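Only a predicted model underlies this, so the values are computations on that prediction, with no experimental measurement involved.
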Amino acid sequence: MATSLRASSSSLRSRLLSSSAAWSPWSQVLSSFVHSEASSKTETLAFDEIQLSPEKPYTAAAFILHGLLGSGRNWRSFSRALASELRDRSPSDEWRMVLVDLRNHGRSAGLKGLSPPHDMSSAARDLADLVKARGWAWPDVVVGHSMGGKVALDFAESCSRGEYGESADLPKQLWVLDSVPGQVETDNSDGEVERVLQTLASLPSSLPSRKWVVDHMVSLGFSKSLSEWIGSNLKKDNEHVTWAFDLQAAIDMFNSYRERSYWTLLENPPKGLDIAIVQAERSDRWLSDDVQRLKALSRRESKPDAGKVSLHVLPNSGHWVHVDNPKGLLEIMAPNFLSAAKI
């Protein structure tokens with residue numbers, strides 16, 4: 001299928017999507033929390049930072065990676081909630097959440113120097129370049145949704161191979177959220193993502209307003225929450241709005257996402273790495289063979305010279321995990337999240 005995808009960009013737009021979500025029912029509840037959000041740019045990637053007590057030094061850092069056609073801001077509400085829950089569980093922990101805009105997405109779509117190939121390895125190397133350019137410590141945890149999950153896997157794999165240099169430290173934990181670790185079979189999906197992309201491809205590049213887009217998507221039968229997420233990926237363009245991503249380059253990234261497999265990493269996780277996979281119960285992306293393979297890996301006896309893999313099922317959720325069941329996702333992640341005291 002990859003050959004036919006590359007042969008016709010218009011057909012690509014109507015068939016392929018793996019995305020993240022912005023809407024959260026907690027956004028108003030969390031608005032009273034003390035936090036810091038510093039929008040920043042480097043030569044490589046744009047990002048936001050969230051820290052609940054910015055006057056204190058942070059004790060651990062997590063990178064948050066969105067999915068296809070999304071941006072870091074899609075994860076603001078959930079990241080605040082997670083940081084708050086982690087601090088409630090361990091008051092001495094002060095987490096710094098770095099919400100990255102991956103190449104060709106969000107504010108990173110307008111940056112120069114992010115040259116092809118637009119694939120998972122390039123997107124992961126962008127993270128390493130960001131760490132080096134900023135002089136940061138390497139992230140303790142990397143959380144990735146959908147396509148971002150595979151970027152997280154590629155980042156850890158490259159760190160373990162020494163591809164980023166001697167200074168690079170392997171993350172201690174990955175959270176891979178509804179991202180199939182092997183090659184992705186799109187023919188088995190229920191068609192919702194195809195309908196999303198068909199709709200986006202049918203719209204002009206310049207649109208009247210975010211409200212118009214949301215109302216239009218709802219009128220076509222999409223849920224209000226999904227339509228809100230789609231609308232959140234728009235930016236002002238004079239009197240109108242336009243998409244905050246490079247659709248054609250994002251399609252190249254999705255081809256790579258579908259084709260790349262990280263089963264070898266999961267079967268042989270390096271020492272000190274905890275890989276937590278979250279499968280959305282109603283997601284259309286999973287084959288039974290993949291689920292059984294993950295279950296077998298999670299049941300393996302732990303070895304002192306190797307990392308570990310765990311599998312968690314998020315109930316009452318489709319692929320857009322922090323839209324469909326953000327409370328349930330928090331209940332899975334918070335008690336299993338890396339403790340800063342162990343860093």
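- Between Asp101 and Arg107, at least one side-chain N (NZ, or NE/NH1/NH2) sits under 4.0 Å from a carboxylate O, which counts as a salt bridge.
- Between Phe245 and His105, the two ring planes are tilted [angle within 30° to 60°].
- Ion pair Lys172/Asp140 flagged as a salt bridge, since at least one NZ, NE, NH1 or NH2 atom sits closer than 4.0 Å to an Asp/Glu carboxylate oxygen.
- When every heavy atom of Ile50 is checked against every heavy atom of Ser79, the shortest pair comes out as CD1-CB, 4.1 Å.
- Between the Gln51 side chain and the Lys56 main chain, a donor and an acceptor come within less than 3.5 Å of each other.
- The aromatic ring centroids of Phe155 and Tyr164 lie less than 6.0 Å from each other.
- Identified under the ring pair (Phe, Tyr, Trp, His ring centres under 6.0 Å) test for residues 266-290, with sequence neighbours left out: none.
- Inspection of the Thr242 and His240 side chains reveals no N or O donor paired with an N or O acceptor under 3.5 Å.
- Under 3.5 Å, the side chains of Ser53 and Arg87 contain a donor-acceptor pair of N or O atoms.
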Which side-chain N or O atoms in residues 260-268 pair as donor and acceptor under 3.5 Å with protein atoms at least two apart or in another chain?
from, atom 1, to, atom 2, distance (Å)
Arg260, NH1, Ser121, OG, 3.0
Arg260, NH1, Asp154, OD2, 3.1
Arg260, NH2, Asp154, OD2, 3.4
Tyr262, OH, Asp154, OD2, 2.7
Glu267, OE2, Arg293, NE, 3.3
Glu267, OE2, Arg293, NH2, 2.6
Asn268, ND2, Thr264, O, 3.3

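- A donor and an acceptor atom, one from each side chain of His319 and Asp178, are located under 3.5 Å apart.
- A ring-ring contact (aromatic ring centres under 6.0 Å, His included) with His145 holds for exactly one of Trp175, Trp229, Trp75, Tyr257; it is Trp75.
- Side-chain contact between Pro139 and Val98: absent, with no pair of heavy atoms (C-beta onward) separated by less than 4.5 Å.
- The pair Arg210-Glu228 counts as a salt bridge, with a side-chain nitrogen and a carboxylate oxygen less than 4.0 angstrom apart.
- Surrounding NZ of Lys308 are at most 12 heavy atoms belonging to other residues, nucleotides or ligands under 6.0 Å away.
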